[in-house]
2 protein chains.
Amino acid sequence: MSISSRFAVGIHILSLIEFNKDGVSSSEYLAASVNTNPALIRKIIGMLKKAGLVEVHPGIAGTKLAKELSDITLLDVYKAVNVVGDNELFSVHENPNPKCVVGRNIQDTIIPILATAQLALEKVLGNVTIEDVVKGIDDKENLK
Amino acid sequence: MSISSRFAVGIHILSLIEFNKDGVSSSEYLAASVNTNPALIRKIIGMLKKAGLVEVHPGIAGTKLAKELSDITLLDVYKAVNVVGDNELFSVHENPNPKCVVGRNIQDTIIPILATAQLALEKVLGNVTIEDVVKGIDDKENLK
DNA sequence: GTTACATGTAATAATAATAGTTACAATTAG
DNA sequence: CTAATTGTAACTATTATTATTACATGTAAC
């Protein structure tokens with residue numbers, strides 16, 4: 001199965017807050033662009049807030065970025081929205097037979113390999129910032 | 001969510017066929033080591049067969065490797081068991097609002113980035129072979 | 001040919017996560 | 001106080017996985 005779109009939605013939200021920095025980014029406003037409902041947006045914003053990426057206060061309309069655009073990487077967002085835990089991108093069958101050479105060693109053998117693969121993926125995400133995404137959106141828009 | 005354990009089970013199966021190369025690796029035998037039932041093993045073996053990694057024939061007990069150990073990478077297994085399609089590791093929300101700058105450009109902007117991350121992961125898997133896994137299992141076993 | 005056994009595959013159920021939705025309490029500004 | 005917004009909980013629908021049962025199909029041995 002694939003990684004939850006919460007991640008993509010998180011990127012969308014942060015980018016839109018930047019594009020709308022002179023306006024008020026309420027959950028309703030953001031939901032209209034993502035094309036979902038405000039409650040779902042608030043749930044994701046809650047995660048971004050817990051990770052220190054945005055500032056938002058109960059009762060006060062709007063969410064603001066809590067960091068510079070260039071200081072927020074996609075890895076920050078990916079971790080914030082909890083799509084994948086450390087070393088949990090791959091799942092490994094849980095109870096292989098300990099009476100078998102393969103069964104009693106397979107987990108210890110492949111888990112580090114899978115972790116390396118996961119880290120390679122995360123490293124790519126760590127090298128891209130929301131600033132890059134915002135620029136990418138701008139570039140695509142200007143080509144139209 | 002995480003990537004199906006079919007992948008880990010596929011690695012387990014191929015490794016065990018090697019360790020048991022002088023014996024008969026029936027679905028029942030393999031299932032006992034993986035600790036699941038034979039039908040599930042046969043389903044996965046069917047996928048490995050379709051990918052040309054193993055040889056197995058209806059009515060005849062046992063599965064054999066169709067390639068050298070060093071010619072089967074974890075990426076081959078990963079693709080064989082269909083856990084993730086090309087460019088489908090990450091899911092992206094489907095109908096962002098085209099009336100918004102972000103909404104109409106977000107997909108084209110982030111999809112290539114996410115694909116790069118996925119490729120980095122797959123590259124790691126492509127550099128590890130079943131031979132490496134088998135050696136790893138042997139090493140761990142000899143330390144006990 | 002029939003018997004015994006193995007593979008191939010369909011159907012089903014249980015579980016878990018996602019995505020969407022509604023509802024409402026808590027909080028704040030005016 | 002009132003209106004508006006955030007923060008959450010509860011619930012549903014959907015989807016994929018994993019496990020399981022059942023049985024048709026294929027092969028070898030007698």
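Labels below follow one simple rule: chain letters A, B, ... track the order of the sequence lines, proteins then strands, and each chain is numbered from 1.
Counting heavy atoms from C-beta outward, A:Val102 and B:Val34 have side chains that stay 4.5 Å or more apart.
Nucleic acid contact for A:His93: none, since no nucleic acid atom lies under 4.0 Å from a heavy atom of the residue. As judged by a 4.0 angstrom heavy-atom cut-off over every strand, B:Lys50 is placed among residues making no nucleic acid contact.
In this structure, a donor-acceptor pair under 3.5 Å is absent between the side chains of A:Asn97 and B:Ser33. Using a 3.5 Å distance cut-off with no hydrogens or angles, the side chains of A:Thr36 and B:His93 do not pair a donor with an acceptor.
A straight line from CG of B:Asn95 to P of C:dA19 spans 14 Å, rounded to a whole angstrom. Distance CD (A:Glu94) to P (C:dA16): 11 Å, rounded to an integer number of Å. Computed from coordinates, the B:Leu48 CG to C:dT7 P distance equals 14 Å when rounded to whole Å. Rounded to whole angstrom, the span from the NZ atom of B:Lys64 across to the P atom of C:dA6 amounts to 15 Å. In this structure, CD1 of B:Ile60 is placed 6 Å from P of D:dT27, rounded to the nearest angstrom. Rounded to whole Å, atom C1' of D:dT17 lies 16 Å from atom CD of A:Glu88. A:Leu30 has its CG atom 12 Å from the P atom of D:dG7, to the nearest Å.
Contact annotation: A:Ser27 side-chain N/O to D:dT6 OP1/OP2 distance is under 4.0 Å. Under 4.0 angstrom from either OP1 or OP2 of D:dA4 there lies no side-chain N or O belonging to A:Ser26. At least one side-chain nitrogen or oxygen of A:Ser4 sits closer than 4.0 Å to the OP1 or OP2 atom of C:dA19. Taking only side-chain nitrogens and oxygens, B:Ser5 comes nearer than 4.0 Å to OP1 or OP2 of D:dT18.
A continuous path of Ile, Leu, Val, Met, Phe, Trp and Tyr side chains, each step under 4.5 Å between heavy atoms, connects B:Val77 with B:Leu65, placing both in one hydrophobic cluster.
Near-neighbour residues of DNA chain C inside residues 34-46 of chain A, defined by a heavy atom below 4.0 Å, number-ordered: A:Thr36, A:Asn37, A:Ala39, A:Leu40, A:Arg42, A:Lys43.
Looking at which nucleotide of DNA chain C each of B:Lys49 and A:His57 is closest to, the 5′-most match is held by B:Lys49.
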